[in-house]
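For ligands, and for the atoms within them, numbers begin at 1 and follow the listed sequence. Only a predicted model underlies this, so the values are computations on that prediction, with no experimental measurement involved.
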Amino acid sequence: MSKRKVTTLGQFIIERQDDFPYAKGELSRLLRDIGIASKIVNREVNKAGLVDILGEDGTVNIQGEHVKKLDVFANEQFISALTCGGECCAVGSEENEHVVDIRSDVSKNAKYVVAIDPLDGSSNIDVNVSIGTIFSIYRRTSLSGPGVLNDFMQRGTEQVAAGYIIYGSSTMLVYTTGRGVNGFTLDPSIGEFCLSHPDMKIPKQGKIYSINEGYYVHFPDGIKKYIKYCQEEDDKTNRPYSSRYIGSLVADFHRNLIKGGLFIYPSTAQAPKGKLRLLYECNPLAFIIEQAGGKASDGYRRILDIQPTDLHQRTPIVIGSHDMVSKVEEFLRKHSPVVAV
Ligand code: P6P
């Protein structure tokens, strides 16, 4: 039986380096640094139930959420790996209110900044549900000195690379640099991410919709009507769809990327901007989904076109199979038209 060639993340990055004729390996090394930190976080996530790293450490993060120790640990690991790697000058993290300057002698000429959600879905940590890391890489716009907030106030279309790690039944790293989406599965026996899902594409149409229907009464009319549309019987359009909601963004996103489907976190009366963060959750996943042939909007505008104004700003999001996102936009235009201000 022919043995399949094993391509590690490191080999793949080097092989694809030619995609960046002007880059001198910095981005490759930056992606390598993220891969290293994710293996360390994976080790702790996998044994979280065995050591006293679960539970809350008593602090509250910028989001007002009680911080669980693994959040803190993951944030420290990624910041440490990026600091030592020397290719990044600043980090914008869900766990830090302000931009973290990570310059050192090694990174004083670093040209990239990284926005990151070090451990998304943390409320699922102690119930053993898949959780994830989401990252977004930009070239800094400031010319020298410490990385500053303005380096992060770039539209999602300016991302140089984006990806996520899902710590689940297996651990995968999925990323794009604007030339398609590739998935790597961690082989614990060799401690390497190995190419397992080359050139990932999301089906244009799916049969899964993912939304927290517990908030139904607070949704815009267009979303309410779309949910009812998903539940109608119609053989021609393969309805009713299946409702799947893990409550862990990376897990719901990853399932839809592979099977086809739609994830919605809409605005509600209480949260007009929704819950999810533009810079380190929605933009990176929007970059990935578009590269995989899907679509991502806030229900009205392309996510990647939104001009950020704050490090932790939120946005409603409709993301997944292209035709499903377009259908939601159609319902919102018809039943919840945006009032021009
Ligand atoms: P809700 C997890 O806390 C998270 O940030 C995402 O991973 C997830 O998609 C969302 O919140 C779930 O939010 O309001 O449905 O519990």
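- For N128, the CG atom is loosely surrounded, since the number of other residues' heavy atoms within 6.0 Å does not exceed 12.
- Relative to the ring axis of Y216, K224 places its NZ or CZ within 45° and under 6.0 Å from the centre.
- Atoms of ligand 1 lying under 4.0 Å from any heavy atom of Y265, numbered from 1 in the order shown and given with element: 1 (P), 13 (O), 14 (O), 15 (O).
- For ligand 1 and G247, the ligand atoms under 4.0 Å from any heavy atom of the residue are 2 (C), 7 (O), 8 (C), 12 (C).
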Discussion item. With ring-ring contact (aromatic ring centres under 6.0 Å, His included) as the criterion, how do Y138 and Y112 come out once you've worked through the C-alpha distance, each side chain's angles and the decisive distance to 0.1 Å?
Written reply: CA-CA 6 Å; Y138 288 93; Y112 296 107; over 10 Å; no
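- Set against the non-hydrogen atoms of N212, the atoms of ligand 1 under 4.0 Å away are 1 (P), 15 (O).
- In terms of protein heavy-atom proximity, atom 3 (O) of ligand 1 is closest to K275 NZ, 3.6 Å.
- Annotation: F184 is not in aromatic contact with F193 [ring centroid separation under 6.0 Å not met].
- Looking at F253 and I289, their side chains come closer than 4.5 Å, going by heavy atoms from C-beta outward.
- Stacking of R239 on the aromatic ring of Y229 is recorded, both the 6.0 Å distance cut-off and the 45° axial limit being met.
- The closest protein non-hydrogen atom to atom 12 (C) of ligand 1 is Y245 OH, 3.3 Å.
- Two rings, from H335 and Y226, have their centers 6.0 Å or more apart.
- Close approach to F263 involves these atoms of ligand 1, each under 4.0 Å from a residue heavy atom: 9 (O).
- Shown in contact with S248 at under 4.0 Å from a heavy atom are these atoms of ligand 1, numbered in order with element: 7 (O).
- Considering D252, I246, D120, L249 only, the shortest heavy-atom separation from atom 5 (O) of ligand 1 involves D120.
- Distances between N or O atoms of E281 and those of ligand 1 include no value under 3.5 Å.
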